[in-house]
Amino acid sequence: MSQFQLHDSQRRTTVPFVPLDPEHVRVYYCGPTVYDVPHIGNLRAMLTADILIRLLRRLYPRVTFVRNITDVDDKITARAAANGEDIGSLTARTTAEFHAGLAAMNMTPPDIEPRATHNIGEMQAMIARLIKQGHAYEAEGHVLFSVASFASYGALSGRDPDELVAGARVEVAPYKRDPGDFVLWKPSTPEMPGWVSPWGRGRPGWHIECSAMAHRYLGESFDIHGGGSDLLFPHHENERAQSLCCFPGGKFANYWLHNAMLLVEGEKMSKSLGNFYTLSDVLDKGPVEALRLLLMSAQYRSVLNFTWAGLEESRRTLDRFYRALETAGAVDVSGRGVPQAFLEALCDDLNTPKAIAEMHVLATAALAGDREAAADLKVAGGMIGLLTQEPEVWFRGGADAGGPGEAEIAALIAERLAARKAKDFARADEIRAQLTDQGVVLEDGAGGTTWRRA
RNA sequence: GGUCCGGUGGCAGAAUGGUGAUGCAGCGGACUGCAAAUCCGCGUACGUGGGUUCGAUUCCCGCCCGGACCUCCA
C-alpha cells in the first residue's frame with residue numbers, strides 16, 4: 001500500500017497519515033450555510049473532501065464521512081427576511097440545490113449529514129458543561145467562551161492571543177471579559193429563530209454547532225477535520241478550543257486539512273463582493289466533468305484561478321482522455337487495481353495535478369494502441385470521479401444534445417460520401433462547413449466518416 | 001499594521017541539491033482531395049540581491065510582487 005501523507009495545518013507540515021483506528025477512519029467536514037445556491041468556491045472545498053474520502057476508502061476498510069448543514073445562522077435569517085420567505089422554506093430549497101449540485105458533480109455524499117437545528121440539545125449540553133468547567137460565562141443573556149481559560153488558544157492558526165487582541169478590528173462587546181471571547185449562545189428577539197435554554201430563549205453561536213455535531217457522530221477524537229482555509233481562524237480555532245475544554249480527555253481532530261481559496265479571472269471571489277459564479281453559471285458554458293477536472297488542476301493547497309479559458313482547456317483534456325478510451329474500444333476493468341503511479345500521486349497530499357499528469361501518460365499509451373493502458377486510464381479516472389461516461393456520449397452528447405439530430409447528420413454524411421466519390425469536392429466541403437457551423441465535426445477515418453459535437 | 005502562504009517556459013501546473021514532468025498553445029514534418037484526430041520533431045522558465053555548497057530552481061537571509069486570514073465567506 002502506498003504511504004498516505006497529508007499536510008496538517010496545525011503542524012504546518014506534511015506528515016504520514018496514521019489513523020487513530022486503522023479499521024475505521026473518521027472525517028468531519030464543515031458543510032454549507034444554506035442561504036444561497038452553491039458557488040464554485042464551495043465546490044472546490046467539497047471536491048477536496050470528495051477526493052480525500054475516495055482515497056481513504058481505497059486505503060482503509062471503513063471510513064465515516066460527516067459533513068454538516070448549517071441551517072440556523074444570521075445570514076439565513078437576513079436572507080429569508082429579504083426574500084419575504086419563511087426560513088424553513090429557504091433552507092429546504094437551498095439544501096436541495098446543494099444536494100443536486102454535488103450530485104451533478106459526482107461527489108461522494110457524506111455518510112451522516114447532521115443539521116444544526118437538529119442538534120441544539122447537544123450544543124446546549126456542551127455549553128452547560130463549559131460553564132460548569134469554568135471555560136464559559138453568562139453575560140447579558142449571552143454565553144461566551146473565555147479564551148483566557150484555554151492555554152493553547154491560537155495554537156491551531158498560529159496566532160498569539162495577546163497580539164490578536166492588540167490588532168483586533170472587531171468591535172468589542174462591552175460584556176466580554178476579553179476581546180477574543182466568542183459567543184456560544186445568544187438571545188433571540190421574538191421574530192428570530194430561537195430555542196428555550198437555561199440562559200433564556202436564544203440561538204447558538206456559529207462555532208459550537210460543529211463541535212457538538214463532531215462529538216455526537218465521531219466522538220471526542222477523530223482523524224481529520226477539513227474545510228476552506230478561511231475557516232482556520234476563527235471558526236476552527238474556536239471549535240478546537242470548545243471541544244478540547246469540554247472533553248479534555250480527547251484530542252478532537254488529529255489532522256486539520258484546509259484548502260486554498262479560489263480566484264475568478266485573477267480576482268478574489270466572495271459573496272460580499274458579489275462576483276461569484278454558481279454551478280449553473282458554469283454549466284451554461286461547459287460540461288460538468290470539465291469543471292470537476294478544472295477544480296482538480298491545481299493542488300488543493302494552492303490558490304486556483306478559475307477562468308473560462310481554463311474551463312475550455314479542461315474540456316479539451318477530457319476530449320483527449322475520451323479519445324484514448326474510444327481508440328481502445330471496450331476494455332474490461334473489473335477487478336483491476338488503481339495504477340500505482342497515479343495512486344502514489346494522490347497519496348502525496350492529494351496531488352491531483354500530478355495524478356492527472358499520470359493519466360496523460362496512460363492516454364498517450366492508449367492512443368498508441370495499448371489497451372492495458374486504456375483500462376488503467378479508465379480505472380484512474382473513475383477513482384477521482386472522471387471518465388464516467390461512454391466516449392460516444394461524451395463526443396456526441398446524449399439525447400438532449402443540441403444541434404442537428406443523428407439522422408440528419410447521417411444523411412448529410414451519406415450525401416457527402418457520394419459527392420466525394422463523384423469528385424464533387426465543392427459539395428463535400430460545403431457539407432462539412434455546414435455541419436461545422438452547427439457544431440458538428442466530421443472525421444474521415446480508415447473505417448469511414450465519424451462525427452462529434454465540438 | 002500583525003500572522004501565514006506563494007512567486008517555475010506564451011498559458012496551466014508538478015517534481016527536484018547535480019540530464020527540469022505533464023498538458024494546452026506555437027513552429028516544422030507525416031497522414032488527408034480538404035479537414036479533424038493521431039504520429040514524429042523543435043523551441044522557450046526557475047521574481048530579485050546576497051549566502052551556504054564542488055554544484056541551487058531546489059537550503060538560508062534581505063528585498064520586490066501576489067494572495068489568504070485578522071470581519072460574513074469554502
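A, B, ... follow the sequence lines: proteins, then strands. Residue 1 opens every chain.
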Reckon [X] touches a base, only the sugar-phosphate, or nothing at all at heavy-atom distances under 4.0 Å?
X	value
R452(A)	sugar-phosphate
L43(A)	nothing
G158(A)	sugar-phosphate
Q299(A)	sugar-phosphate
A45(A)	sugar-phosphate
I356(A)	nothing
L232(A)	nothing
N351(A)	sugar-phosphate

Using atom [atom1] in both nucleotides, what's the gap between [N] and [M] to the nearest angstrom?
N	M	atom1	answer
rU53(B)	rC65(B)	C1'	29 Å
rC34(B)	rG7(B)	P	47 Å
rG41(B)	rC59(B)	C1'	38 Å
rG1(B)	rU16(B)	P	35 Å
rC5(B)	rC63(B)	P	16 Å
rA21(B)	rA36(B)	C1'	28 Å
rA37(B)	rC24(B)	P	10 Å
rU57(B)	rG50(B)	P	13 Å

Kindly point out which of [options] is positioned nearest to the side chain of [X]?
X	options	result
S302(A)	rA36(B), rC34(B), rA14(B)	rA14(B)
P353(A)	rA14(B), rC24(B), rG33(B)	rA14(B)
T364(A)	rA25(B), rC39(B), rA36(B)	rC39(B)

**OP:** Please check if the distance between the ring centroids of F252(A) and F222(A) is under 6.0 Å.
**Re:** yes
Would you say [X] and [Y] make side-chain contact, with heavy atoms under 4.5 Å?
X	Y	answer
L386(A)	M296(A)	yes
L144(A)	S146(A)	no
S229(A)	N259(A)	no

So, OP1 or OP2 of [N]: does either fall under 4.0 Å of a side-chain N or O from [X]?
X	N	value
N42(A)	rC73(B)	no
R320(A)	rG23(B)	yes
W451(A)	rA36(B)	no
K354(A)	rA21(B)	no

Tell me: [atom1] of [X] to [atom2] of [N], nearest whole Å?
X	N	atom1	atom2	value
D370(A)	rC39(B)	CG	P	13 Å
F306(A)	rA74(B)	CZ	P	18 Å
L262(A)	rG13(B)	CG	P	11 Å
R67(A)	rA74(B)	CZ	P	12 Å
L346(A)	rA14(B)	CG	C1'	13 Å
H360(A)	rA12(B)	NE2	C1'	10 Å
F233(A)	rA68(B)	CZ	P	18 Å
L293(A)	rU22(B)	CG	P	18 Å

Taking atom types as they are modelled, is there a donor-acceptor pair under 3.5 Å from the base of [N] to the side chain of [X]?
X	N	answer
R44(A)	rA74(B)	no
R159(A)	rC70(B)	no
E313(A)	rG23(B)	yes
D230(A)	rC72(B)	no
R323(A)	rG23(B)	no

Original post:
Hey, what do you get for CZ (F182(A)) to NE2 (H142(A)), rounding to the nearest 0.5 Å?
Top reply: 14.0 Å
Original post:
Which class fits the ring pair F150(A) and F145(A): parallel under 30°, tilted 30 to 60°, perpendicular over 60°?
Top reply: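 Perpendicular: the ring planes of F150(A) and F145(A) meet at over 60°.
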Subject >> Test: R11(A) cationic atom under 6.0 Å from Y255(A) six-membered ring centre, within 45° of axis >> reply: yes
Which nucleotide, if any, forms a Watson-Crick or G-U wobble pair with [N], using both distances under 3.5 Å?
N	answer
rU53(B)	none
rG26(B)	rC42(B)
rG66(B)	rC5(B)

Original post:
Are more than 12 heavy atoms from other residues, nucleotides or ligands located less than 6.0 Å from atom CD of E390(A)?
Top reply: no
